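None of these values were measured; they are calculated from a predicted model. Heavy atoms only: backbone and side chains are in, while hydrogens, waters and symmetry mates are out. In what follows, chains carry the letters A, B, and so on, assigned in the order in which the sequence lines appear, proteins first and then strands, with residues in each chain numbered from 1.
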2 protein chains.
Amino acid sequence: MAYRKTPAEVRRLEAAREHLVVRATEVVAEAGWAQASVSAVADAAGIAAGSVYQHFPSKSALAVEVFRRAARREVEVLGEVLAGDGDAVERLRRGVDVFARRALENHGLAHALLAAPVEPAVGAERLAFRRRYRTLFAEVIEEGVTAGVLPAQHPETTAAALTGAVGEVLVYPLGTSAAHDVDLLVARLTAVALRCAGATP
Amino acid sequence: MAYRKTPAEVRRLEAAREHLVVRATEVVAEAGWAQASVSAVADAAGIAAGSVYQHFPSKSALAVEVFRRAARREVEVLGEVLAGDGDAVERLRRGVDVFARRALENHGLAHALLAAPVEPAVGAERLAFRRRYRTLFAEVIEEGVTAGVLPAQHPETTAAALTGAVGEVLVYPLGTSAAHDVDLLVARLTAVALRCAGATP
DNA sequence: GCAAGAAGTGAACCACCATTCAGACCATCG
DNA sequence: CGATGGTCTGAATGGTGGTTCACTTCTTGC
C-alpha cells in the first residue's frame, strides 16, 4: 500500500477533467463537431491525446458529456422561465424569447446543439433533449388549455411543433455570423409560437 | 477513329447511371446514409465499386444526386398542391396533409431527407431544399394575408416555423417502424400548422 | 476478323483518426 | 530515500471506407 489517492489528487483529476470538457465545448462552439478531433481537443486543453482517455473511455463519451452539459443548461433555463410567473401564454412567450436570445447570443454552441451534424451517440442525446423540451412546452400548453387561455389541442403535438419551429427559424441566423436585428427576429418568432399554440393576440 | 459513342451506347450509359441512382436511393431509404457505402451501393446496383466512378466523380456527388432527386419530387408535389384550388388556408392545409402522408408512407426515405445525419455536401443540399419549402409556404401565406383569411404576419418567419414544425412532429413517427394512426397524426399536425399561420378554425 | 479505344473490374492503396501502449514522470507513504 | 503504483506522453497501431489503376471485357468501324 504505497500509493493511495489523496483528496488533493482526486480534486486535481476532477479539475483536469472539468478543464477538458470546458475546452472541448469551446472547440465545438467555435469550430463545430467536425473539427473537434481528439487531438484538437487535447491540444486545446493542453494535454496529450492519450490523456483524454484518462477521463473518458472514448471520444464519443466526451462528445456526449459536452453536449449534455450545454444542453442541460438550456433545459434548466427554459424550465425555470416556463415555471415562472404569469399565465401560461405569457410564460410561453417568455420561454421562447429567452431561448431564442440565448441561442443567438451564443450561436456557435446553439448551432452545434440544435442543428449541426453529429455522430450517432450525440444524435441520440439530442433526441433525448428535444423530448425534454417538448415535455416542458407540453406542460405549459396543457395548463393554458385547462385555464381556458388556449384552445383545445393535443399538447404533445403542439409542443413538438414549437421545438421544431423555434429551431428552424433560428437555424439560418445561427449558421451565419452576420448581424441580425435580434429584437425583430425574436418578436416575429414569439408571435408565430403563440399562434402555434392558438393564443389570441 | 475506331470507337465512337453510338446513341444506343449513350442511352445504355445513362440507363446504368439511372439504375445506380435508383438503387442507391433504395439503400438509403432502407438502411440510411451510414450504410450507403460505395461498395454497398455498387453491390445493390450490381456493379463493381470502381464503376461508380464512371458515373460520379465521388461518393459525395452520388449522395447529393440521390438527395436532390428525392427532395425535388417532394418539392414539386408540395408546389402543385399549394398552387391548386381553394383559398390559401385550404391549400395550406392540403399541403401539410399531403406532405405528411407521403413522408409517413415512405418513412425511410423521409427520415433520410429530413432528419438523418448526413455528410456536409448533402447537408448543404438539405438546407437549400428547406429554403425552397419555406419559399413555397411563404407565398401561400402571403396570399392568405392579402386575401384577408390570415392575420398580418411575417410570411418568411411563419414559413420557416412551418417547415420546422412539420419536420419535428414527423421525426419520431418516421424514426420508428411502429404503426401509427396516420389520420389522427395528420389531423393534429394540420391543426397546429393552421394555427401557426393564424387561420381561424 | 481485327485494331482502337472505351467501359467495367476489384484488389491494392491511402488518408484519416480514434485508440493503444511502452516508457517517462510523479505522488504517496513506510 | 526508495519502492509502489498511479498519471502523462506521443508515436505507433489498426480499422474503416473512399479512391485509384493495371488489367480484362466489350463495342465500334473498317
Checklist entry - With a 3.5 Å cut-off and no angle check, do the side chains of B/Q54 and B/R17 form a donor-acceptor pair? => result no

Checklist entry - Hey, are A/R91 and A/E143 close enough for a salt bridge, meaning a charged N less than 4.0 Å from a carboxylate O? => result yes

Checklist entry - So, A/R102 and A/D97, do they make that salt bridge, N to O below 4.0 Å? => result no

Next on the checklist: Output the rounded distance in Å from CG (B/L20) to P (C/dA7).
Outcome noted: 15 Å

Checklist outcome for this item: Rounded to whole Å, CZ of A/F56 lies from P of C/dA18 at a distance of 15 Å

Checklist entry - Atom CG of A/L13 to atom C1' of C/dC26: distance rounded to whole Å? => result 12 Å

Item to check | Nearest-Å distance for atom pair NZ/P, residues B/K59 and D/dT20 | outcome: 15 Å

Checklist entry - Below 4.0 angstrom, N of the basic side chain to O of the carboxylate: do A/R11 and A/E18 qualify? => result no

Checklist entry - Want to settle it: does B/R12 or B/Y53 sit nearer the 5' end of DNA chain D, counting the closest nucleotide to each? => result B/Y53

Next on the checklist: Salt bridge or not between A/R69 and A/E65? Use side-chain N to carboxylate O under 4.0 Å.
Outcome noted: yes

Item to check | Side-chain donor-acceptor contact under 3.5 Å, B/T158 with A/R195 | outcome: yes

Item to check | DNA chain C contacts among residues 28-47 of chain B, heavy-atom distance under 4.0 Å | outcome: B/I47

